[in-house]
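First comes the structure, then the notes that go with it.
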Amino acid sequence: MNKKIKTDAADHLFDAILSLNTKEECYNFFEDLCTVNELLSLSQRFEVAAMLRQRCTYLEIAEKTGASTATISRVNRSLNYGTDGYELVFDRLAKQEK
């Protein structure tokens with residue numbers, strides 16, 4: 001974990017996120033917390049990660065999501081060299097779908 005982001009404020013934020021129970025609660029909280037562009041950027045990165053895991057090309061991803069190659073590259077770096085946060089979530093989502 002990056003020690004620069006592990007702060008009391010970040011802990012408080014993550015506790016707040018973990019207290020949400022429904023998708024509607026998430027929409028309401030994140031709409032209050034983020035600008036529309038911030039939320040769209042977060043969801044775009046998550047979509048990029050999903051497509052990278054499916055072995056889509058950068059061109060396919062850019063065309064479908066509108067993400068820049070810099071964003072795609074950054075997400076790819078996180079998938080390959082990050083803390084496996086994406087993998088944890090994708091694995092859990094896959095189990096929920098079954």
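All values below come from the heavy atoms of this structure, side chains included, with hydrogens, waters and symmetry mates left out. Because the structure is a prediction, the values reported are computed rather than measured.
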Are Leu33 and Leu13 side-chain neighbours, meaning at least one heavy-atom pair lies under 4.5 Å?
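SC-SC contact between Leu33 and Leu13 confirmed.
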Can you find a heavy atom in the side chain of Asn28 that is under 4.5 Å from one in the side chain of Asp32?
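Not touching, per the 4.5 Å side-chain cut-off.
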Criterion side-chain contact (heavy atoms from CB on, under 4.5 Å) on Tyr27 and Thr22, from CA distance to verdict
CA-CA 9 Å; Tyr27 271 105; Thr22 66; over 6 Å; no
Nearest-0.5 Å distance that lies between atom OG in Ser68 and atom CD in Gln44
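Spacing of OG (Ser68) from CD (Gln44) equals 7.5 Å.
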Give, for atom CG of Asp84 and atom CG of Leu79, the distance between the pair rounded to the nearest 0.5 Å.
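Those atoms lie 9.0 Å apart.
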Counterpart residues, salt bridge (charged side-chain N to carboxylate O under 4.0 Å, His left out), relative to Asp8 (two or more places apart)
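Partners of Asp8 by the salt bridge (charged side-chain N to carboxylate O under 4.0 Å, His left out) criterion come out as none, since no residue qualifies.
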Salt bridge (charged side-chain N to carboxylate O under 4.0 Å, His left out) with Glu63: which residues, sequence neighbours excluded?
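Salt bridge (charged side-chain N to carboxylate O under 4.0 Å, His left out) check on Glu63 returns nothing, list empty.
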Which pair of non-hydrogen atoms, one from [X] and one from [Y], has the smallest distance, and what is that distance?
X: Phe29; Y: Ala16; answer: CZ-CB, 4.1 Å
X: Leu52; Y: Ile72; answer: CD1-O, 3.8 Å
X: Phe30; Y: Leu39; answer: CB-CD1, 4.1 Å
X: Val48; Y: Ala67; answer: CG2-CB, 3.7 Å
X: Met51; Y: Thr65; answer: SD-CG2, 3.8 Å

Could you list the cluster mates of Leu40? Members are the ILVMFWY residues connected by side-chain heavy atoms closer than 4.5 Å, either directly or through other members.
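Cluster partners of Leu40: Val36.
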Count the heavy atoms of every other residue, nucleotide or ligand shown that sit under 6.0 Å from CD of Glu31, and state whether that count exceeds 12.
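It does not: Glu31 CD has 12 such atoms or fewer within range.
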Looking at Arg53, I'd like to know if its CZ atom is crowded, meaning that more than 12 non-hydrogen atoms belonging to other residues, nucleotides or ligands lie closer than 6.0 Å.
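Atom CZ in Arg53 is packed in, count exceeds 12.
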Side chain of Glu97, backbone of Ala94: donor and acceptor closer than 3.5 Å?
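Judged by distance alone, no pair lies under 3.5 Å.
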Hydrophobic cluster membership, Val75 vs Leu93, 4.5 Å side-chain cutoff:
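Yes: a chain of side-chain contacts under 4.5 Å links Val75 to Leu93.
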Take Ser78 and Arg74 through the side-chain hydrogen bond (donor to acceptor under 3.5 Å, both in side chains) test and state the conclusion after the steps.
CA-CA 6 Å; Ser78 292; Arg74 191 221 176 275; 2.9 Å; yes
Distance-only side-chain donor-acceptor flag, Asn80 / Asn76, under 3.5 Å
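Judged by distance alone, the side chains do pair up.
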Yes or no on side-chain contact (heavy atoms from CB on, under 4.5 Å) for Glu47 and Ile61, after CA distance, side-chain angles and deciding distance?
CA-CA 9 Å; Glu47 186 174 5; Ile61 296 168; over 6 Å; no
